[in-house]
**Student:** 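First, the structure itself, so that you have it in front of you.
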There are 2 protein chains.
Amino acid sequence: MSLKKLFYPKSIAVIGASRSRQKIGHLIFNNLVDSNFQGKLYPINPKAKKILGHKALPSILDLRSPADLAIIVVPAKIVPLVLEEVGQSGTKTAIIISAGFAEIGLEGQKKQDQLNKIAQKYDLKFLGPNCLGIINPEIGLNASWGEVMPNSGKIGFASQSGALAAPVIELINESDLGFSYFASLGNKANLNETDLIEFFGQDKNTDLVIAYLESFKNGQGLINLAQKITSQKPLVILKAGKTDQGAKSAQSHTASLATPEKITQGVFAQANIIEANSLADLINLAKLLTIFAQKSLGPKTAIVTNAGGPGVLTTDALINNNLSLANFSKKTTKKLADFLPQEASLNNPIDILGNANEKTYFEACQAVLSDPAVDNLVVILTKQRGTNVEAIAQKLIQLKTKKPLIPIFMGGESVRTAKNIFQKNQMVGFGNPQQALLSLAKIISWQKKTKQKIIKNKIKINSRKKIEKLIGKINRSKLNEAEGLQLLSACQIDTPKFAVFNNQEKGIKTLEKIGYPAFLKVLSADIAHRTEAEAVKKITSKKNFVEQFNKMKKGFPQAEFILSEAITGEIEIIIGVKKDPAFGHLLMVGAGGIYTEVLKDRAFRALPIAKNDAQEMLSELKIYPILKGTRGKKELNLDKIEKTLLVIAKLVESFPQISQLDINPLIVNYKKAAAVDVKISLTS
Amino acid sequence: MSLKKLFYPKSIAVIGASRSRQKIGHLIFNNLVDSNFQGKLYPINPKAKKILGHKALPSILDLRSPADLAIIVVPAKIVPLVLEEVGQSGTKTAIIISAGFAEIGLEGQKKQDQLNKIAQKYDLKFLGPNCLGIINPEIGLNASWGEVMPNSGKIGFASQSGALAAPVIELINESDLGFSYFASLGNKANLNETDLIEFFGQDKNTDLVIAYLESFKNGQGLINLAQKITSQKPLVILKAGKTDQGAKSAQSHTASLATPEKITQGVFAQANIIEANSLADLINLAKLLTIFAQKSLGPKTAIVTNAGGPGVLTTDALINNNLSLANFSKKTTKKLADFLPQEASLNNPIDILGNANEKTYFEACQAVLSDPAVDNLVVILTKQRGTNVEAIAQKLIQLKTKKPLIPIFMGGESVRTAKNIFQKNQMVGFGNPQQALLSLAKIISWQKKTKQKIIKNKIKINSRKKIEKLIGKINRSKLNEAEGLQLLSACQIDTPKFAVFNNQEKGIKTLEKIGYPAFLKVLSADIAHRTEAEAVKKITSKKNFVEQFNKMKKGFPQAEFILSEAITGEIEIIIGVKKDPAFGHLLMVGAGGIYTEVLKDRAFRALPIAKNDAQEMLSELKIYPILKGTRGKKELNLDKIEKTLLVIAKLVESFPQISQLDINPLIVNYKKAAAVDVKISLTS
């Protein structure tokens, strides 16, 4: 979607522009007037003649030609009326600043729906409502009622919280970095994050996209889009409302729908979106990416420090973020030995001792940077007796390197000058290693993934007719166990031997085919917890069968019954599909059995998935090492589990009327990965 | 141990005091002269007549009466000689600043051992070697060669890294808080962290003890001590070297022995020590504890914010740290409704809107603080149009409250004034919620635990004679499985039925008693992996037994065999005891079976343990909800597992010659918690 007229308007009508200094309609018009914007400004206000030197018009309909952009800052109740006029005027792009819509509840939601209808009628698009506006620093356009003007730069920033813009912009400004655009998303009634990210993604002035979100409006769109963008530009998202309580407060803030954290993590991995864990992380990632995104990154890190303790803390932080200590070549160690004092530690982390001066720092850094075994350099300083912090910082910025260099200078006022020097010279200084290495590790992992080749899911569902028949013949919303197993079996997924019967005699015949032990169950899609309902029993002998069958028959006289082979295995897995309001069909795999609820060891992806996704989902699980085979044990049927995931994905893509599917458990041993029980729900 | 003469010396001899400005011997003497210290100073230097106006003596033996404290700053090789003289002079307390001891390797270690022998000979104690010295701000004593002088205050600080002292002291100083003492621990050859913490613990000037450690020198002593101190004063420790790589770099820094992270966590929980995760966390904890430690704390938190997004982020951070959103009373909500605008959100988090001024902030805070359902208050601000940051900060410090109040003002320069105002008024300002709430949650949890009643382990080991006989009769270092099971059985721990035999006939008789299925195993303490060695088989019938027994007999013709009952259960647990170089006997409980290696779900405590410890160990496990009974399932034998832990603890306390014990698995079902296999090692 082109948002050219949103970010590069030649004329702007501000409906609700006001002379009263307290009003948002004044603030925003004042910002427009004060900024360097070269286009035309039309304050629209029936009660005023002039506002801030600009002639006011009673209505947008009084303009001779349509404005490129209309900004609406009138009370919520008259917004529909005003938007209607915007439509009539021929203006196709609007920003609705006014609050009082979906965020206040059902009544507001109705009013918001009304806005969308009007927009549809006139084929116009709008940002908001309940937002701060937009800024385009390059052309000096401040169409927001915020106070801070961002520096011009390369970061495209979309925020679902207007108030969060202030600290983000301020802290990025202080780092001498800047923004290509800022947009406040508000309630995302019409334009949403995906539209903005798409625009930033295609835009030549934007090297890096960051967003603060409380919900996903068009999840599928975001994934498709991000998969294209993130191979070129990093996309960083800080998602708030991860906990149930957090989601609840997001609901009253911007009328946001909840997305569980694990799902967010899954789709971010799928689309190579970098997840920021906090505001600090978002800002650190933005700073570091501006500098490092185009460099060639890797995990092997050298540490040069004038203090042993911080070296140890940094090593811990390195390992905890899946980075590693670089192993220096003999040549490097020799070089270091040539000028470092005898008491210095030449191994990584290199302790150049408390009295190290700028020359020692420079030479030590130079020596390790020239070692091909070093991907990154972390330089640590604590101010000790005689440490000339400024001189050391000045010297570090003279290092010529294509490798990422992160200075971690610990302390307060005494190291502030150094931080300023770094900021002005394309370096990002930190006060402690945890934050720095967390962000660095994410960037390395993003870049690694951009180089990964995507392998498509080439599974074909061959028995379409059989499946159509199974799904078509029933007029219920759920398949029973036998139907479910037949369906899986038709897709070449392992299942136990099983058969349906309704009397003792047929049951005994069935048992002879299946063998012992077997499971006897009531066949019904409607019993939720069969174990508790005494509707499932393990059968160990014919006598045992007769006894149990007759008991069960009494409890469920109208039912059919199913006997199935008892399969034993090394581990139980669960596989599921469900529909998410934001992302559509989601595929899930996780640890099964008694650990399911406790470990919450699950990985999600949105359909469709690639072969890589199936592999990654499995590798994200805590139980992955068990599947891979720990302690000399053979690998379990990883391939079969992966194949089952791909088949299920393809099945649901082919038959999207499957709204829910739960294989619980998939029993895995060295030969099979067998779906022992399955529940399938359909939408008509 | 009294360290009075270390921190309150009346006279100090500085051996190695120097006129040469570059030398540490100059720096430290200069600090002493420059500081406000009122006692006598004796520079000892055979080559100088006067140093900084003080008459120099050739040797400490030239003093008329012994100095209270000797500070040694001479090259490593002559330190033993000098310490010998210190001993001869009658001085009983020393600080050895000089480096070049255990931290440089074996040779240095030998030299360090020599120092300890000299100390023993003269009954003197010393701090270091390889350290920065000590500071007592109250009496103006700076006996360190550091640059920063701490403010006088209530924090006792021991650091195993001298260089880390600078940023910690600087950042605490900037917060207008201060220290009672600082001590640099160095290699901890003689005085160690436990001695320092003991002194700080007993000291009336110290309200709070913080430490940076790379190793534990006297782990058992630390636990005993901390259990006493932490019921009165908080003890915060930042432990570096948690990862293997980190521990390795600590080794070359201060010659530290590694302690795995899980063990550190276990003993810290046992002694109610607060663990800091980073330098930032250590400083935040120190600041918050100075203010909050004496208040009555709880988890229920109110959030007052002028920005919705940060409110959502803070809610997430709250929940992720096991705190909760307070539910306001109707009265409070009514109060808020009286003065807040209609668009404000009256539910927690309270969004007082972007244009909120100091009055609105004050009234909203006052309203929620008076609600008994509120334990803590978090006040969030982002600078928006018209926000008067300074006025709001000034108003917040006027709030009269006994409840913790944490301001989180997001941004850069624009909120710095507020942070300064808070610092000067016993408040700690933060820039983002994650750090603040992480630290707050730890403080709440510490305080809660101080109120917990300790219930002793009252288990009695009754069959002492039987156990003595079992342990005494063998002349190996390991018990075989049968002996191990007999030993456990003698302590009333559940075991399977089992018997030892050596021929087929006896085997069959045994089988009749035990029933099917049973396990047939070669009885030997020396086969590590019996499954792989074909030394264990499941027996399902008499025929099966004969077959398997004869096969096994061929493989192990000299062996005895054991048959044991096959016990099935809901879950497998592991319980172990091992000896740790720092903490002595450690008890461990964890998830067993295939999940053991993967989940690393383990909890540790040092022996002896209280009943509370056994309960807490279990509740720390990820699998705890399974033991408690999830989803309508009954509770498993939690009591039995707990009892098993207490019995094992008492057993090893009573028979400390047990150096290692591994129950793997303990099979738990609804009736039993049975030790199915056990390995026991003994030291002579």
Side-chain angles (χ1 to χ4, degrees), chain A residues 27 99-100 145-147 160-161 163-164 166-167 170-171 174 212 214 240-243 245-246 249-250 252-254 278-280 307-313 315-316 319-320 325 343 345 347 349 354 382-385 410-414 432 434 571 594 597-599 622-623 625-626 630-631, chain B residues 27 99-100 145-147 160-161 163-164 166-167 170-171 174 212 214 240-243 245-246 249-250 252-253 278-280 307-313 315-316 319-320 325 343 345 347 349 354 382-385 410-414 432 434 570-571 594 597-599 622-623 625-626 630-631:
Chain A
L27 299 174
W145 54 284
E147 204 171 28
Q160 201 168 340
S161 162
L164 212 77
E170 189 184 5
L171 291 165
E174 284 181 6
Y212 165 84
E214 293 177 4
K242 286 182 188 176
T243 61
Q245 297 272 23
S249 53
S252 71
H253 177 224
T254 47
S278 66
L279 188 63
V312 180
L313 288 171
T315 305
D316 281 343
I319 304 301
N320 287 333
L325 281 174
E343 303 80 32
S345 172
N347 293 320
T382 72
K383 183 162 167 34
Q384 296 175 55
R385 181 61 80 174
M410 298 179 171
E413 204 46 48
S414 70
N432 71 67
Q434 284 81 0
I571 194 165
I594 53 170
E597 293 297 311
V598 173
L599 297 182
K622 291 180 200 139
I623 56 163
I626 301 179
T630 40
R631 289 227 294 186
Chain B
L27 299 174
W145 53 286
E147 204 171 28
Q160 199 168 340
S161 161
L164 211 77
E170 188 184 4
L171 291 166
E174 284 180 7
Y212 165 84
E214 293 177 5
K242 285 181 188 178
T243 61
Q245 297 273 25
S249 52
S252 71
H253 178 223
S278 65
L279 188 62
V312 181
L313 288 171
T315 305
D316 281 342
I319 304 302
N320 286 333
L325 281 173
E343 303 80 35
S345 173
N347 292 320
T382 71
K383 182 160 168 31
Q384 297 175 53
R385 181 61 77 175
M410 297 180 173
E413 203 48 47
S414 70
N432 72 66
Q434 283 81 0
E570 298 292 313
I571 195 164
I594 52 169
E597 294 296 314
V598 174
L599 298 182
K622 292 181 199 135
I623 57 164
I626 299 179
T630 40
R631 289 228 293 186

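Note that the structure is a prediction, hence the values are computed from the model and not measured. Labels below follow one simple rule: chain letters A, B, ... track the order of the sequence lines, proteins then strands, and each chain is numbered from 1.
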**Student:** Using the side-chain contact (heavy atoms from CB on, under 4.5 Å) rule, pick out the option among A:N347, A:V312, A:D316 that qualifies with B:S249.
**Tutor:**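 Exactly one option meets the side-chain contact (heavy atoms from CB on, under 4.5 Å) with B:S249, and it is A:V312.
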**Student:** Between A:I623 and chain B, which part of the residue has a heavy atom less than 4.5 Å away: side chain, backbone, both or neither?
**Tutor:**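 For A:I623, backbone and side chain are both near chain B.
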**Student:** For A:S414, is it the side chain, the backbone, both, or neither that has a heavy atom closer than 4.5 Å to a heavy atom of chain B?
**Tutor:**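 Both parts, backbone and side chain.
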**Student:** Going by the rule side chain to side chain donor-acceptor pair (under 3.5 Å), which residues pair with A:S278 if we only count those two or more places apart in sequence or in a different chain?
**Tutor:**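 Partners of A:S278 by the side chain to side chain donor-acceptor pair (under 3.5 Å) criterion come out as none, since no residue qualifies.
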**Student:** Can you tell me which of B:S161, B:G412, B:A307 forms the most heavy-atom pairs within a distance under 4.5 Å of chain A?
**Tutor:**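 Winner by heavy-atom pair count: B:G412.
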**Student:** Hey, does the side chain of B:E343 reach the backbone of A:G100 with a donor-acceptor pair shorter than 3.5 angstrom?
**Tutor:**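 No, the answer is negative, given that no donor and acceptor are paired below the 3.5 Å cut-off.
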**Student:** Measuring from atom CD of B:E147 to atom NZ of A:K383, what distance do you get when rounded to the nearest 0.5 angstrom?
**Tutor:**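 So the gap between those two atoms works out to 3.5 Å.
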**Student:** Using only atom types and a distance under 3.5 Å, with no angle test, would you say the side chain of B:T382 pairs donor to acceptor with the backbone of A:A166?
**Tutor:**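 No; zero donor-acceptor contacts below 3.5 Å.
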**Student:** Give, as side chain, backbone, both or neither, the part of B:A250 having an atom under 4.5 angstrom from any heavy atom of chain A.
**Tutor:**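 Both parts, backbone and side chain.
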**Student:** Can you tell me how far the CD1 atom of A:I319 sits from the NZ atom of B:K242, to the nearest 0.5 Å?
**Tutor:**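 Between A:I319 CD1 and B:K242 NZ, I get 14.0 Å after rounding to 0.5 Å.
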**Student:** Holding to side-chain contact (heavy atoms from CB on, under 4.5 Å), I want the full list of residues that pass it with B:L325, two or more places apart in sequence or in another chain.
**Tutor:**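 Testing B:L325 for side-chain contact (heavy atoms from CB on, under 4.5 Å), a comparison that skips the adjacent residues, returns A:Q245, B:I303, B:T315, B:L318, B:N348, B:P349.
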**Student:** Identify which part of A:E413 has an atom lying under 4.5 Å from any heavy atom of chain B, answering side chain, backbone, both or neither.
**Tutor:**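 Both backbone and side chain.
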**Student:** Chain B: which of A:G354, A:A99, A:A240 shares the most heavy-atom pairs with it under 4.5 Å?
**Tutor:**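 Option with the greatest count: A:A240.
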**Student:** Between the main-chain N or O of B:A163 and the side-chain N or O of A:Q384, is there a donor-acceptor pair closer than 3.5 Å?
**Tutor:**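 No, the answer is negative, given that no donor and acceptor are paired below the 3.5 Å cut-off.
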